[in-house]
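Okay, structure first, notes after.
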There are 2 protein chains.
Amino acid sequence: MGNQKLYKGSLQTIILKLLESNDKMYGYEITQKVKELTKGELKITEGALYPALHKLEADGLLDVEVAKVGNRLRKYYKLTESGSKETANKLAEMQEFLKTMQHLVNPKFSLE
Amino acid sequence: MGNQKLYKGSLQTIILKLLESNDKMYGYEITQKVKELTKGELKITEGALYPALHKLEADGLLDVEVAKVGNRLRKYYKLTESGSKETANKLAEMQEFLKTMQHLVNPKFSLE
DNA sequence: TGTGATGCATTAGAAAATTATGTATACATT
DNA sequence: AATGTATACATAATTTTCTAATGCATCACA
């Protein structure tokens with residue numbers, strides 16, 4: 001919702017995590033999955049998604065496989081081997097970050 | 001560390017939270033406090049900090065009080081009334097975001 | 001037949017950082 | 001005396017990463 005800007009920088013990690021859980025996905029599917037998983041809180045725009053996918057592919061973290069469904073085009077993405085490794089790294093990084101932020105802003109613990 | 005880019009978008013919230021906990025602080029003090037609280041994981045650069053402080057001030061969320069310590073200048077910032085309200089909002093937003101991300105990157109261990 | 005959903009993509013622009021640089025004081029070490 | 005590190009402010013150029021807008025095309029369905 002209002003916190004849409006907070007997710008800056010975590011899109012790649014989100015994509016990688018989804019592909020780790022789902023083997024292969026296509027772009028539109030990713031946007032819908034994120035919307036569903038976050039109950040509409042996070043909306044991935046196409047202007048962010050497609051460049052991100054292209055970059056991950058260019059970096060060798062994703063493989064593409066084009067499929068035709070009816071007369072419609074789909075590009076299925078899946079993790080390469082090095083993509084799997086990078087996913088583990090990025091997820092660890094994210095966990096660390098979440099822990100740090102949790103600690104920073106948690107109202108229960110005042111910051112001295 | 002490597003997750004330095006993940007914090008994009010949360011600097012304002014961090015500043016506001018620190019000022020909520022500490023009544024008044026000056027810029028350099030904020031950078032040191034964040035470094036200390038996060039054990040060096042998060043480093044606020046001046047190029048990000050000062051523009052952020054100026055914006056918060058311009059938006060009426062912070063008041064400034066200039067102090068001279070020895071021959072050195074310090075600008076102490078503290079929350080205005082509307083700053084306190086906004087802090088509450090931003091902290092709630094952040095909690096929500098952290099929960100969402102936690103759920104996204106580790107659906108197995110949801111927080112709820 | 002036109003509207004919303006599906007599916008790809010790019011472009012212009014904004015937001016929010018990093019990096020580099022600048023000024024100046026203070027203190028400790030060589 | 002000179003050098004480096006810490007303290008303390010600040011800005012400018014650049015980069016990263018998004019949003020918003022737009023475009024093309026297929027498909028379902030009312």
Side-chain angles (χ1 to χ4, degrees), chain A residues 1-16 24-36 38 40-59 62 64-77 90 93-94 97 101, chain B residues 1-16 24-36 40-59 61-62 64-77 90 93-94 97 101:
Chain A
M1 300 291 281
N3 56 21
Q4 194 71 11
K5 65 189 163 309
L6 290 177
Y7 98 110
K8 262 179 195 274
S10 47
L11 178 56
Q12 278 201 9
T13 306
I14 292 171
I15 293 172
L16 293 173
K24 68 174 187 177
M25 300 181 81
Y26 55 99
Y28 185 75
E29 189 184 9
I30 292 176
T31 66
Q32 299 309 300
K33 198 72 183 171
V34 169
K35 195 156 51 166
E36 175 203 332
T38 66
E41 282 219 43
L42 246 161
K43 280 165 190 161
I44 307 301
T45 61
E46 296 120 309
L49 178 70
Y50 291 112
L53 286 172
H54 299 161
K55 187 181 188 316
L56 288 168
E57 188 196 348
D59 290 348
L62 301 185
V64 194
E65 178 199 324
V66 179
K68 239 188 159 182
V69 178
N71 243 338
R72 217 106 121 253
L73 195 72
R74 272 185 198 169
K75 288 194 175 174
Y76 281 99
Y77 291 91
K90 288 225 188 273
E93 215 170 81
M94 178 61 80
F97 169 71
M101 284 305 298
Chain B
M1 298 293 282
N3 56 19
Q4 192 70 13
K5 66 188 161 310
L6 291 177
Y7 100 107
K8 266 174 193 275
S10 47
L11 178 55
Q12 278 200 10
T13 306
I14 292 171
I15 293 173
L16 293 174
K24 68 175 188 176
M25 298 181 83
Y26 54 99
Y28 184 76
E29 188 184 8
I30 291 176
T31 66
Q32 299 309 300
K33 199 70 184 172
V34 169
K35 192 155 55 165
E36 174 203 330
E41 282 219 42
L42 246 162
K43 280 165 191 164
I44 308 300
T45 61
E46 296 121 308
L49 178 70
Y50 291 112
L53 286 172
H54 299 161
K55 186 180 190 318
L56 289 170
E57 188 196 349
D59 290 347
L61 306 184
L62 300 186
V64 194
E65 179 200 322
V66 180
K68 237 187 160 184
V69 178
N71 244 336
R72 219 106 118 248
L73 194 72
R74 272 185 198 168
K75 288 194 176 175
Y76 280 99
Y77 291 91
K90 288 222 187 274
E93 214 170 82
M94 177 61 78
F97 169 72
M101 282 305 299

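Chain identifiers are assigned alphabetically (A, B, ...) following the order of the sequence lines, protein sequences preceding nucleic acid strands; residue numbering begins at 1 within each chain. Side-chain atoms are counted along with the backbone in the values below, which use heavy atoms only and exclude waters and symmetry mates.
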A:E29 side-chain N/O to A:Y26 backbone N/O, donor-acceptor pair under 3.5 Å: yes
Approximate separation, where rounding is to 0.5 Å, of A:T13 OG1 and A:M94 CE: 4.5 Å
Side-chain N,O (A:N71) to OP1/OP2 (D:dC27) below 4.0 Å: yes
Sugar-phosphate only, base, or nothing, as touched by A:R72 at under 4.0 Å among non-hydrogen atoms: base
Considering all heavy atoms, the nearest B:P51-B:E46 contact: CD-O, 3.7 Å
Minimum-distance pair of heavy atoms, taken over all atoms of A:K43 and A:Q4: O-NE2, 2.7 Å
C:dA17 OP1/OP2 closer than 4.0 Å to side-chain N/O of B:Q4: no
Rounded distance (Å) that lies between atom P of D:dC27 and atom CZ of A:R74: 11 Å
Whole-Å gap separating C1' (C:dA17) and CG (B:L53): 15 Å
Presence of B:K75 side-chain N/O under 4.0 Å of D:dA10 phosphate oxygens OP1/OP2: yes
At a cut-off of 3.5 Å, list every protein nitrogen or oxygen paired with a nitrogen or oxygen from nucleotides 10-16 of chain C, distance to 0.1 Å.
none

Any B:Y26 side-chain nitrogen or oxygen under 4.0 Å from OP1 or OP2 of D:dA8: yes
Distance, rounded to the nearest Å, where A:K68 contributes NZ and D:dA25 contributes P: 14 Å
Nearest-angstrom distance from the residue atom NZ of A:K35 to C1' of C:dA5: 10 Å
Heavy-atom pair with the smallest gap, counting every atom of B:F97 and A:L6: CZ-O, 3.4 Å
Rounded distance in Å - CD (A:Q32) to P (C:dC8): 11 Å
Length of the NZ-P vector between A:K43 and D:dC18, whole Å: 17 Å
Spacing between A:E29 atom CD and C:dA5 atom P, to the nearest angstrom: 18 Å
Nearest-angstrom distance from the residue atom CE of A:M25 to P of C:dT6: 13 Å
Nearest heavy atoms of B:T31 and B:I44, plus distance in Å: CG2-O, 3.7 Å
For A:L53, the option from A:L11, A:V64, A:I30 that meets side chain to side chain contact (heavy atoms under 4.5 Å, CB included): A:I30
